[in-house]
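In what follows, every heavy atom counts, from backbone to side chain, and hydrogens, waters and symmetry copies are set aside.
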Amino acid sequence: MSRWKALPGELDPRVRQLVVRLRRLKDHSGLSLRQLAAKTGYSTSSWERYLGGRSLPPREAVEAMARIGGDDPTRLLALHEVAAEAWGEGRAGTSAPDGPNAPEVPEASEITGTADAAGTAGAAHTVEVAGALQAAGADDTGPYNLSAPNEETRHGRSLRVALVAGSVALVLAVSSAVLLAVRLTDGDTRASATPLGSATSSVSPAPSPSGPRTYACEVERIDGRWYAGNSRTRDAVLAEGLAGPEVAEAQCLLRRAGFAPGVVDGIFGPHTKSAVEQLQKRAGLVVDGIIGRHTWGALRR
């Protein structure tokens with residue numbers, strides 16, 4: 001099993017949840033980064049950035065990792081969609097690095113996937129506009145050569161640039177509207193009770209701004225498994241920095257197992273992480289302080 005470095009402290013919890021799931025799938029596959037690069041078509045250095053939280057992986061890379069790790073691509077892509085929105089919010093208005101220290105770009109497909117994930121970032125617009133210009137017959141003596149054309153074609157190419165930029169802006173606006181509608185619908189669905197054994201769960205990235213909330217622990221045994229009345233999930237990935245009823249459920253079950261997660265407030269803090277690591281050590285699991293399917297199994301038994 002890999003011993004992962006800690007993720008950057010400023011990393012958005014929605015991006016952190018995606019990276020944690022990808023790390024677990026990589027460990028589950030038993031592949032090295034070199035083998036993973038050979039199977040997915042994305043370079044070793046690219047996977048180091050993706051799994052280190054320094055770069056958002058494209059959809060194709062996430063889908064390939066899901067197939068390799070035997071996970072549900074639909075659920076993993078949903079996590080990627082939310083993470084991509086958070087990544088775009090955190091980096092809106094920034095531009096891609098230039099020069100010898102720029103990240104390695106092994107394939108055109110990886111450039112496209114990364115640009116889509118960055119939302120409105122300037123680098124995505126540059127790549128798409130340059131590609132459109134090349135398709136329309138622009139000078140292709142360089143990777144993204146946008147040198148000034150002659151007087152006969154300057155006006156026509158300027159018009160094409162404006163049309164392409166407008167098309168990109170329209171696509172981004174429609175995508176944002178669809179994503180907002182999906183999230184609003186998902187929020188209504190979460191208000192209803194989650195059925196036993198449901199394969200989906202949601203975790204809030206931050207506590208309520210109105211103040212700390214406490215949860216009750218009504219522990220009971222149903223069909224040979226322990227439940228505390230806050231969530232019935234058995235596979236939600238929880239890590240330090242997340243919050244919600246799933247975290248409160250884990251805190252209650254940690255208490256039942258004889259460990260001290262601190263106040264049952266639904267916030268995954270240092271005390272909860274320490275209690276999780278103690279449980280994992282006793283159960284013979286990988287001690288990483290992250291609650292996944294196997295750790296839920298140890299809590300529910």
> Please list, chain by chain and in numerical order, all residues satisfying salt bridge (charged side-chain N to carboxylate O under 4.0 Å, His left out) with Arg16, sequence neighbours excluded.
none

> Any chain of hydrophobic side-chain contacts (each under 4.5 Å) joining Ile267 to Tyr215?
no

> Please answer: with hydrophobic residues joined when any side-chain heavy atoms are less than 4.5 Å apart, are Val178 and Val82 in the same cluster?
no

> Taking the side chain as every heavy atom from C-beta outward, state whether Arg54 and Glu48 have any atom pair closer than 4.5 Å.
yes

> Applying the 4.5 Å side-chain criterion to the ILVMFWY set and letting contacts propagate, would Trp4 and Leu31 be lumped into a single cluster?
yes

> Using side-chain heavy atoms (C-beta onward) and a distance below 4.5 Å, is Leu254 in contact with Leu299?
yes

> Go through Lys26 and Leu33 one step at a time and tell me if the side-chain contact (heavy atoms from CB on, under 4.5 Å) criterion holds.
CA-CA 9 Å; Lys26 188 266 181 188; Leu33 286 177; 4.2 Å; yes

> Any chance you could measure Leu22, atom CG, to Trp47, atom CH2, to the nearest 0.5 Å?
6.0 Å

> Do Ile68 and Leu51 sit in the same hydrophobic cluster, where Ile, Leu, Val, Met, Phe, Trp and Tyr count as joined when their side-chain heavy atoms come under 4.5 Å apart?
yes

> Which distance, rounded to the nearest 0.5 Å, do you find between the CG of Leu77 and the CG of Asp72?
8.5 Å

> With rounding to the nearest 0.5 angstrom, report the OG to CZ distance, Ser29 to Arg67.
13.5 Å

> Exactly one of Gln251, Glu240, Glu277 should register a side chain to side chain donor-acceptor pair (under 3.5 Å) with Thr272. Which one does?
Gln251

> Do Tyr42 and Pro57 make a side-chain contact, defined as non-hydrogen atoms from C-beta onward lying under 4.5 Å apart?
no

> Can we say Arg23 and Asp288 salt-bridge, meaning some charged N sits less than 4.0 Å from an Asp/Glu carboxylate O?
no

> Does His28 reach the side chain of Arg24, with side-chain heavy atoms less than 4.5 Å apart?
no

> Any side-chain heavy atom of Thr40 within less than 4.5 Å of one from Met65?
no

> If Ile, Leu, Val, Met, Phe, Trp and Tyr residues are connected whenever their side-chain heavy atoms lie under 4.5 Å apart, and connections chain through other members, are Val287 and Leu238 in the same group?
no

> Step by step, would you call Leu7 with Val20 a side-chain contact (heavy atoms from CB on, under 4.5 Å)?
CA-CA 9 Å; Leu7 293 172; Val20 167; 4.3 Å; yes

> Report, as yes or no, whether the 6.0 Å neighbourhood of atom CZ on Arg256 holds more than 12 heavy atoms from other residues, nucleotides or ligands.
yes

> So do Val219 and Trp226 actually touch side chain to side chain, heavy atoms under 4.5 Å?
yes

> Can you name the closest pair of heavy atoms from Ala83 and Val15 and give their distance?
O-CG2, 3.6 Å

> So, the side chain of Arg293 versus the backbone of Val237: is there a donor-acceptor pair under 3.5 Å, distance only?
no

> Shortest non-hydrogen contact from Trp296 to Ala236?
NE1-O, 2.8 Å

> Working to the nearest 0.5 Å, report the span between CG of Leu253 and CZ of Arg225.
12.5 Å

> Is Ser274 close to Phe259 at the side-chain level, that is, under 4.5 Å between some pair of heavy atoms?
no

> Please give me the minimum heavy-atom distance between Glu63 and Pro73, naming the atom from each residue.
CG-CB, 4.4 Å

> Got a donor-acceptor contact below 3.5 angstrom from the Asn230 side chain to the Cys217 backbone?
no

> Report the distance from atom NE2 of His80 to atom CH2 of Trp87, rounding to the nearest 0.5 Å.
10.0 Å

> For Thr44 and Ala37, work out which heavy atoms get closest and say how close.
N-CB, 3.6 Å

> Can you name the closest pair of heavy atoms from Pro8 and Gly53 and give their distance?
CG-O, 4.4 Å

> Please report the shortest heavy-atom distance between Ser231 and Pro245, naming the atom on each side.
CB-O, 4.1 Å

> Check whether Gln280 reaches the backbone of Ile290 with its side chain - one donor and one acceptor, N or O, closer than 3.5 Å.
yes

> Among Asp235, Asp27, Asp71, which residue meets the salt bridge (charged side-chain N to carboxylate O under 4.0 Å, His left out) test with Arg21?
Asp71

> Which residue, Leu56, Leu76, Leu79, forms the side chain to side chain contact (heavy atoms under 4.5 Å, CB included) with Val62?
Leu76

> Mind checking the CD-CZ spacing from Glu81 to Arg59? Nearest 0.5 Å is all I need.
6.5 Å

> Is it true that Arg300 and Glu249 make a salt bridge, defined as a side-chain N closer than 4.0 Å to a carboxylate O?
yes

